[in-house]
Amino acid sequence: MYLPRLTLLCGLILLVHFCSHSQAEDRRLKTRSRGRCDGVCKSYTCGTVNRSGRVVGGTPTSAGKYPWLVSLFYRGKLYCGATLINNRYLITAAHCVKRVNLNNVKIVLGSYNKTDVHEPSRQVRKVGTWWAHQLFDRRSYNNDIGIIMLNEEVEITKHVRPVCLPVSGDGNYTGLTGIVPGWGRLSENGYPSEVVHEVKVPIISNEECKKKKYRPSEITDNMMCAGYDEGKIDACQGDSGGPLLLDTGKNIEIIGVVSWGQGCARAKYPGVYTRLEKYMDFVNSKIYDQGCFCPPPN
Ligand SMILES: *[C@@H]1O[C@H](CO)[C@@H](O)[C@H](O)[C@H]1NC(C)=O
Ligand SMILES: *[C@@H]1O[C@H](CO)[C@@H](O)[C@H](O)[C@H]1NC(C)=O
Ligand SMILES: *[C@@H]1O[C@H](CO)[C@@H](O)[C@H](O)[C@H]1NC(C)=O
């Protein structure tokens, strides 16, 4: 807010001394903002979980197992998930932010039981700014990715920590197992879950996905499919906008965003995710130098 006004002043009245002085000020500001992240992450790295509390497949997780998992409430109702990537920014689905009155959205971080408002680990924020991908298409769900800047930074704690962005591998996740944590319905007509559940789903190639019951043109290169042939386990409504995670053995990366699917866990209809690696430029263009990233573990 301060800098553009100075630039305007310089342009208008050409105060040479004043302007060169303000440039020096700018450089100092930048240096200071780099130092601003010192100590923010404490000893926490991105994408590390509490392995001692591990539970497998379609079952409740332990509190704090996915500390980057964020819930978005609309007038008190959980309607989408999101993922913390640094102390100020979330990745979610475009359909979770576009045409939503974000003044009515409450963002809850560090939560495990969504109805327990007294959880001491919770941090609650509002939307500062948001961006849906400019090419998001509501009919095809192509480019279903959005970014939320929180109104205020979060404190990085044991229960509120960022995930790592995708770096490892060549973007070929075929045959690997994805993890989808969330509060979504446990079955197509079931109730949403009170506590965080996770499902583990095999990632299939787009080629293979097009051979399932979707029309081949529905599955674009910006999407990724995961699920069992016989259905049974899937991400479901309410998980939208949440992460598809990959455990690299060293840390956990977000590789996709829960986007769409036909029903839930129906045979031959795998879940469809936004392929995050396709959108790293979009993500980086929104984050500038704001927010502090925690480094991955060594
Ligand atoms: C990690 O797991 C252990 C054992 O289940 C538990 O005592 C501890 O509270 C957990 N920590 C977090 C951050 O969830
Ligand atoms: C979640 O929290 C609510 C409110 O405190 C409580 O009634 C409920 O039993 C909790 N659910 C679980 C599964 O712990
Ligand atoms: C991706 O990985 C799978 C499993 O390792 C392999 O079968 C497949 O050929 C790979 N695809 C490409 C395009 O490299």
Side-chain angles (χ1 to χ4, degrees), residues 49-50 52-67 69-81 106-124 158-160 166-187 190-212 214 216 219-229 235-239 242 244-250 252-256 270-280:
V49 297
N50 191 356
S52 51
R54 212 169 177 89
V55 189
V56 184
T59 41
T61 64
S62 54
K65 183 168 173 196
Y66 297 112
L69 187 64
V70 178
S71 45
L72 306 181
F73 287 82
Y74 190 85
R75 294 184 188 271
K77 197 166 179 295
L78 196 156
Y79 78 100
C80 267
K106 188 175 83 173
I107 301 171
V108 181
L109 302 99
S111 170
Y112 172 64
N113 177 343
K114 69 175 185 185
T115 55
D116 184 2
V117 293
H118 300 298
E119 286 173 324
S121 54
R122 281 188 178 215
Q123 296 184 44
V124 178
K158 188 168 154 187
H159 290 98
V160 177
V167 285
S168 65
D170 52 5
N172 176 11
Y173 302 113
T174 303
L176 301 178
T177 299
I179 307 166
V180 189
W183 290 268
R185 291 169 205 278
L186 301 173
S187 65
Y191 290 101
S193 168
E194 215 168 27
V195 299
V196 177
H197 279 64
E198 67 179 315
V199 297
K200 299 202 170 173
V201 280
I203 298 168
I204 61 177
S205 68
N206 283 30
E207 231 169 70
E208 200 183 326
C209 192
K210 289 174 191 208
K211 291 181 192 148
K212 306 288 178 196
Y214 296 121
I219 308 299
T220 72
D221 290 349
N222 301 317
M223 301 172 186
M224 177 157 51
C225 302
Y228 294 93
D229 227 17
C236 223
Q237 294 105 328
D239 287 326
L244 172 68
L245 302 170
L246 180 70
D247 189 344
T248 68
K250 198 181 76 172
I252 295 205
E253 291 177 358
I254 176 175
I255 59 169
V272 186
Y273 301 81
T274 309
R275 200 178 267 277
L276 188 58
E277 66 184 271
K278 298 270 182 186
Y279 296 98
M280 291 318 291

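Atoms within a ligand are numbered from 1 in the order they appear, just like the ligands themselves.
Counting only heavy atoms from C-beta outward, the side chains of E208 and C225 never approach each other to under 4.5 Å. Contact of the V117 side chain with the R122 side chain is registered, since non-hydrogen atoms from C-beta on lie closer than 4.5 Å. In this structure, L244 and Y173 have side chains that are not in contact, with every pair of non-hydrogen atoms separated by 4.5 Å or more. Counting only heavy atoms from C-beta outward, the side chains of H159 and E119 never approach each other to under 4.5 Å.
Closest heavy-atom contact between S71 and L78: CB-CD1, 3.6 Å.
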Check ligand 3 for close polar pairs with the protein: N or O on both sides, less than 3.5 Å.
from: ligand 3; atom 1: 2 (O); to: N172; atom 2: OD1; distance (Å): 3.4
from: ligand 3; atom 1: 2 (O); to: N172; atom 2: ND2; distance (Å): 2.5
from: ligand 3; atom 1: 11 (N); to: N172; atom 2: ND2; distance (Å): 2.9
from: ligand 3; atom 1: 14 (O); to: N172; atom 2: ND2; distance (Å): 3.3

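Between atom OH of residue Y273 and atom CD1 of residue I255 there is a gap of 9.5 Å, rounded to the nearest 0.5 Å.
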